[in-house]
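We count ligands from 1, going down the list as the structure has it; atoms in each ligand are counted the same way.
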Amino acid sequence: MPKVALITGIRGQDGAYLAKLLLEKGYEVYGADRRSGEGGFWRLKELGIEKDVKIVYMDLLEFTNIFRTIEKIKPDEIYNLAAQSFVAASFEQPILTSDINSLGTLRLLEVIRTVKPDTKFYQASTSEMFGKAKTLPLNEESYFYPRSPYAVSKLFAHWITVNYREAYNIFACSGILFNHESPLRGTEFVTRKISLAVARIKYGKQDKLVVGNLDAKRDWGYAPEYVYGMYLMLQNDKPDDFVLATGEAHSVREFIEEAFRVAGFEIYWEGRGLEEKGRDAKTGKVLVEVSPEFYRPAEVDVLLGDYSKAKRILGWEPKTAFKELVRIMVEEDLRRVRDGKV
Ligand code: NAP
Ligand code: F7E
């Protein structure tokens with residue numbers, strides 16, 4: 001009998017990569033979809049697995065819906081990847097963000113406790129929970145100081161996962177993942193916004209890239225490697241919490257410079273703050289501008305992770321370094337734009 005996995009957030013970046021991995025491992029994979037519109041399965045299509053994932057309708061906002069789905073499927077493993085995951089939007093929709101991310105996780109755990117307590121549970125926690133970090137690098141013992149409604153909502157989900165493990169002996173793991181990116185990343189996130197803009201600029205379909213805080217630093221890894229870490233957590237002897245990261249931080253500015261380099265442009269910077277501009281070294285043309293529209297009410301300046309526990313216990317390590325990640329993303333977007341596939 002194949003193992004049965006239920007992935008919430010199947011339309012998202014991680015949902016697609018994780019589904020592919022679990023299918024390759026022989027799992028029967030169910031993907032929970034809240035039916036947010038047509039065209040949303042493009043990631044499963046790009047990975048060639050849209051016919052292999054069994055789609056079930058399940059929204060984290062509706063308890064009875066979750067109850068019936070889990071009762072019917074009886075999954076061995078649940079990966080809770082569904083979320084209102086865009087930090088900027090969480091400032092506009094804080095209550096919805098909490099309902100989905102915090103209470104949605106609790107609803108799932110309550111159903112597991114009631115219906116199938118031997119289900120292994122993975123919670124998609126985040127480095128955003130560290131927020132205004134006092135010391136770097138950050139590990140499982142570091143202090144949490146969330147800086148957005150998103151981060152606060154995820155902190156609730158993290159602790160309720162720990163609590164259900166301790167109170168009810170549920171095999172529940174919290175993966176504290178630092179930013180992980182790929183060509184399947186949503187275009188609202190800064191890395192993919194940059195890679196797509198660079199490709200469009202290269203092919204004359206866009207004039208410039210407009211961004212917010214150029215100095216924010218993140219620990220950016222490659223998403224397919226991170227979903228493998230999620231899988232490893234649920235195969236471990238005992239449930240626990242793990243940081244997955246690369247151990248390197250780079251700024252948005254560096255990401256932009258490297259992305260343009262991959263496409264054959266050299267950028268130089270001029271001005272400061274909102275007046276700062278990135279120009280093409282050959283022509284002087286403005287290719288990058290800054291707008292307050294993309295600044296956040298409270299920013300997380302820098303995140304840098306220490307993945308030594310995951311390495312020691314799970315044997316997990318990141319393989320794709322920063323420049324390689326940027327290259328993968330920009331080259332894929334160059335191909336897509338050239339072939340009219342965006
Ligand atoms: P993503 O691309 O934004 O995908 C999230 C998915 O959740 C979307 O497919 C969305 O469905 C679904 N969803 C939203 N609200 C829902 C609801 N009420 N009921 C059911 N499904 C709902 O996110 P991702 O980058 O793959 O990240 C996966 C998870 O890891 C998220 O929980 C995120 O917060 C967390 N995380 C991500 C990173 C990262 O760097 N990527 C790092 C740490 C943690 P629709 O398509 O229908 O909108
Ligand atoms: O922002 C700055 C922005 O939106 C990264 C989610 O997956 O990772 C993600 O959250 C940084 C921030 O990701 C723009 O202010 C500058 O400092 O790509 P992002 P995020 O907020 O780090 C974590 C780990 C998650 O858990 C989340 O779900 O880049 N930035 N200019 C910009 N950001 C965006 N989006 N757009 C800009 O124009």
### Query
Is His180 touching ligand 1 with its side chain, its backbone, both, or neither, if touching means heavy atoms under 4.0 Å apart?
both

### Query
With a 4.0 Å heavy-atom cut-off (strictly under), which part of Arg35 contacts ligand 1: side chain, backbone, both or neither?
neither

### Protein heavy-atom partner closest to atom 5 (C) of ligand 1 - residue, atom, separation in Å
Ala83 O, 3.8 Å

### Message
For the 3.5 Å polar cut-off, considering only N or O atoms, please tell me whether Gly212 and ligand 2 meet it.
### Response
yes

### Query
With a 4.0 Å heavy-atom cut-off (strictly under), which part of Arg185 contacts ligand 2: side chain, backbone, both or neither?
side chain

#### Entry: Glu299: numbered ligand 2 atoms lying under 4.0 Å from its heavy atoms
3 (C), 12 (C), 15 (O), 17 (O)

## Note on the structure
Which of Thr64, Asp99, Asn65 passes side-chain hydrogen bond (donor to acceptor under 3.5 Å, both in side chains) with Arg107? It is Asp99

#### Entry: Nearest protein heavy atom with distance in Å, relative to atom 20 (P) of ligand 2
Asn179 ND2, 3.8 Å

### Query
Hey, does Val190 come in under 3.5 Å of ligand 2, counting only N/O atoms on both sides?
yes

### Query
Is atom OH of Tyr145 surrounded by more than 12 heavy atoms (other residues, nucleotides or ligands) closer than 6.0 Å?
no

#### Entry: Close-contact set for ligand 2 against Ala216 heavy atoms, below 4.0 Å
17 (O)

### Query
Atoms of ligand 1 less than 4.0 Å from Asn179 heavy atoms?
40 (O)

### Query
Going by the atom numbers of ligand 2, which of them fall below 4.0 Å from some non-hydrogen atom of Ser127?
24 (C)

### Query
Out of Leu177, Thr105, Thr8, Asp99, who gets a non-hydrogen atom closest to atom 43 (C) of ligand 1?
Leu177

### Query
Should you measure from each heavy atom of Ser85, which atoms of ligand 2 turn up under 4.0 Å away?
6 (C), 27 (C), 28 (O)

### Message
Tell me the protein heavy atom at minimum distance from atom 25 (O) of ligand 1, and give that distance in Å.
### Response
Arg185 NH1, 3.3 Å

### Query
Which ligand 2 atoms are under 4.0 Å away from a heavy-atom of Val87?
10 (O), 21 (O)

#### Entry: Numbering as shown, the atoms of ligand 1 that approach Ala124 to under 4.0 Å (heavy-atom distance)
29 (C), 30 (O), 32 (O), 35 (C)

### Contact atoms of ligand 2, heavy-atom distance to Asn213 under 4.0 Å
16 (C), 31 (N)

### Query
Any idea which atoms of ligand 2 are less than 4.0 Å away from a heavy-atom of Lys193?
37 (C), 38 (O)

### Query
Mind checking whether Glu128 has a heavy atom under 4.0 Å from ligand 1?
no

### Task
Would you mind finding which of Leu96, Asp14, Asn80, Asp59 brings a heavy atom closest to atom 26 (O) of ligand 1?
Asp14

### Message
Please determine whether any non-hydrogen atom of Tyr150 lies less than 4.0 Å from an atom of ligand 1.
### Response
yes

### Message
Glu77 and side-chain contact (heavy atoms from CB on, under 4.5 Å): which single residue from Tyr27, Phe171, Phe121, Tyr122 fits?
### Response
Tyr27

### Message
Looking at Glu71, is its backbone amide N or carbonyl O close enough to the side chain of Lys74 to form a donor-acceptor pair, meaning the two atoms are under 3.5 Å apart?
### Response
yes

### Query
Does Ser125 come within less than 4.0 Å of ligand 1, judged by its heavy atoms?
yes

### Query
Leu81 to ligand 1: N or O pair under 3.5 Å?
yes

### Query
What protein heavy atom sits nearest atom 48 (O) of ligand 1, and how far off is it?
Arg34 NH2, 2.7 Å

### Query
Among Gly37, Ser127, Ala82, Ser85, which one has a heavy atom closest to atom 21 (N) of ligand 1?
Ala82

## Note on the structure
among protein heavy atoms, the one nearest atom 35 (N) of ligand 2 is Glu188 O, 2.9 Å

### Task
Decide whether an N or O pair under 3.5 Å exists between Thr191 and ligand 2.
no

### Query
Which ligand 1 atoms, with their elements, are less than 4.0 angstrom from a heavy-atom of Thr126?
43 (C), 44 (C)

### Query
Quick one: does ligand 2 sit under 4.0 Å from the side chain of Val252, the backbone, both or neither, non-hydrogen atoms only?
side chain

### Query
Can we call the ring centroids of Phe189 and Phe86 under 6.0 Å apart?
yes

### Query
Got the closest protein heavy atom to atom 4 (O) of ligand 2, with its distance?
Arg296 NH2, 2.8 Å

### Query
Which ligand 1 atoms does Ser36 reach within 4.0 Å, using its non-hydrogen atoms?
45 (P), 46 (O), 47 (O), 48 (O)

### Aromatic ring proximity, centroids under 6.0 angstrom, Trp316 and Tyr228
no

### Query
Any idea which part of Tyr295 is under 4.0 Å from ligand 2, heavy-atom wise: side chain, backbone, both or neither?
neither

### Message
Show me which atoms of ligand 1 lie under 4.0 Å from any heavy atom of Met58.
### Response
20 (C)

### Message
Is the contact between Arg218 and ligand 2 made by the side chain, the backbone, both, or neither, using heavy atoms and a 4.0 Å cut-off?
### Response
side chain

### Query
Heavy atoms only: which of Gly15, Gly175, Gly104, Gly12 is nearest to atom 8 (C) of ligand 1?
Gly12

### Task
May I ask you to list the atoms of ligand 2 that are less than 4.0 angstrom from any heavy atom of Phe86?
4 (O), 35 (N)

